[in-house]
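Right, one structure below, let's go through it.
Remember, it's a predicted structure, so these values are computed and weren't measured experimentally. In listed order, ligands and their atoms are each counted from 1. The first residue in the sequence is number 1, and the count goes up from there.
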Amino acid sequence: MNIQYEDTTLPGSYGVVGSFPKSFGYGVEVSDLEESPTSADKPRILLMGLRRSGKSSIQKVVFHKMSPNETLFLESTNKICKDDISGSSFVNFQIWDFPGQVDFFDPTFDSEMIFKGAGALIFVIDAQDDYMEALSRLHLTVSRAYKVNPDINFEVFIHKVDGLSDDHKIETQRDIHQRANDDLTDASLEKVHLSFYLTSIYDHSIFEAFSKVVQKLIPQLPTLENLLNIFISHSGIEKAFLFDVSSKIYIATDSAPVDMQSYELCCDMIDVVLDISSIYGLEDGSGSAYDEESLAIIKLNNTTVLYLKEVTKFLALVCILREESFERKGLIEYNFHCFRKAIHEVFEVGSSNDGAAWRPASSSSNSQPSLKYASLNGSDV
Ligand SMILES: Nc1nc2c(ncn2[C@@H]2O[C@H](COP(=O)(O)OP(=O)(O)OP(=O)(O)O)[C@@H](O)[C@H]2O)c(=O)[nH]1
């Protein structure tokens, strides 16, 4: 099989600091582009799996705001589809969506080039289908990739679990986990670590799973968690998420466990804020729906308060707190100010022309950081 490549570019207008894509549609233009030197440098997340397992749907729903029902009409991918999301997201990486029938033994499949710069390999398994063939393909893929690049994070999405009962979900996960690890042990590859997630595009599980995949690519994660812990413990806040606004991936949270309901509530708040701002907030319709002024407080009827505030061009802090705690609003605002300043210090402003790029504070211009880690918001790795 002859492997071809495609680059897709996100629509958006990011030339101005604080801007947000004017078009919230998913009008992705697919064009055949030569690999540019800058795109070759960006860390990659590879999406692999059998045909119709749901790879393209995941990419479109998480990064292009496609509604899950519309994925029914997606055509089968027949060449590697590269999607550079660095223009719209805090984390600077490319997603490569592979065709289901990719053949590793084909001479045109350049595994060195494909796996070398990959930070994570997401293998998608359709849980509603017989998964034996998918498991053998998973094993082949992982052993091939590990040989080229042992630093890749291997992530297995047990996908389309919306059609499964809770018991069936757990049983499927246990079975896939067991068989995949047995296969690795039989091949003396027990060192390889696979992480498993139950996912569906019909709920927030796909965003949660992607959040965890992306978090592993952010070297500053422990610092961000620490800052969030300090912020919430001094402000009477129960839970705080640092969100990449355009994708609704949370790039960090405090160390209290995440429950799906809180995460969903915060995702919904982002949608509400962006929708309201874009409908009513823009006088001539030409500004941005998310900018440095973005702030929202929503009081729910169960004494819970949701609080959203802009942190950087791409990031928002979304917190859940009790109404009593919100009485000390001044304290929260002061602590937020300190938190925001600290976040800005963690990532120094990069030198790109649009003034919007952020670099990890530790990376100097002549250093060569590992490709495993994603650089943040527009800077090269
Ligand atoms: N029920 C359910 N269906 C899903 C889910 N994700 C994707 N699908 C459906 O699965 C079908 C295949 O999805 P695609 O995204 O085209 O699959 P793919 O892996 O990219 O397929 P190829 O391009 O052929 O490799 C579509 O009809 C989707 O609507 C999910 O979470 N739940």
Nearest-contact summary for [atom] - protein heavy atom, Å:
atom: atom 15 (O) of ligand 1; value: Ser57 OG, 2.5 Å
atom: atom 23 (O) of ligand 1; value: Thr77 N, 2.6 Å
atom: atom 10 (O) of ligand 1; value: Lys160 NZ, 3.0 Å
atom: atom 19 (O) of ligand 1; value: Lys55 NZ, 2.7 Å
atom: atom 32 (N) of ligand 1; value: Asp162 OD1, 2.7 Å
atom: atom 16 (O) of ligand 1; value: Arg52 NH1, 3.2 Å

Indicate yes or no: does Lys216 engage Glu155 in a salt bridge with an N to O separation below 4.0 Å.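 Counted as a salt bridge, because a side-chain N and a carboxylate O are separated by less than 4.0 Å.
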
Quick one: does ligand 1 sit under 4.0 Å from the side chain of Thr71, the backbone, both or neither, non-hydrogen atoms only?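 The part of Thr71 near ligand 1 is both the backbone and the side chain.
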
Could you tell me whether Gln128 approaches ligand 1 through its side chain, its backbone, both or neither, with non-hydrogen atoms closer than 4.0 Å?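 Side chain only.
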
Does atom CD (Glu190) have a neighbourhood of more than 12 heavy atoms from anything else shown, all under 6.0 Å?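 Atom CD in Glu190 is packed in, count exceeds 12.
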
Mark the output for Gly49 as yes if a heavy-atom distance to ligand 1 is under 4.0 Å, and as no if none is.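 Outside the 4.0 Å threshold, so no.
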
Describe, in one word, how the ring planes of Phe154 and Tyr146 are oriented to each other, choosing from parallel (under 30°), tilted (30 to 60°) and perpendicular (over 60°).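 Tilted, since the angle between the ring planes falls between 30° and 60°.
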
Within ligand 1, which atoms have a heavy atom of Leu72 less than 4.0 Å away?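 Per the distance check, 27 (O), 29 (O).
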
Examine Phe243 and Leu317 and state if one hydrophobic cluster contains both, with Ile, Leu, Val, Met, Phe, Trp and Tyr joined whenever side-chain heavy atoms are less than 4.5 Å apart.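 Per the 4.5 Å side-chain linkage, Phe243 and Leu317 are co-clustered.
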
Between Leu221 and Leu315, is there shared hydrophobic-cluster membership here, with clusters defined by ILVMFWY side-chain heavy atoms closer than 4.5 Å?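 Leu221 does not cluster with Leu315.
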
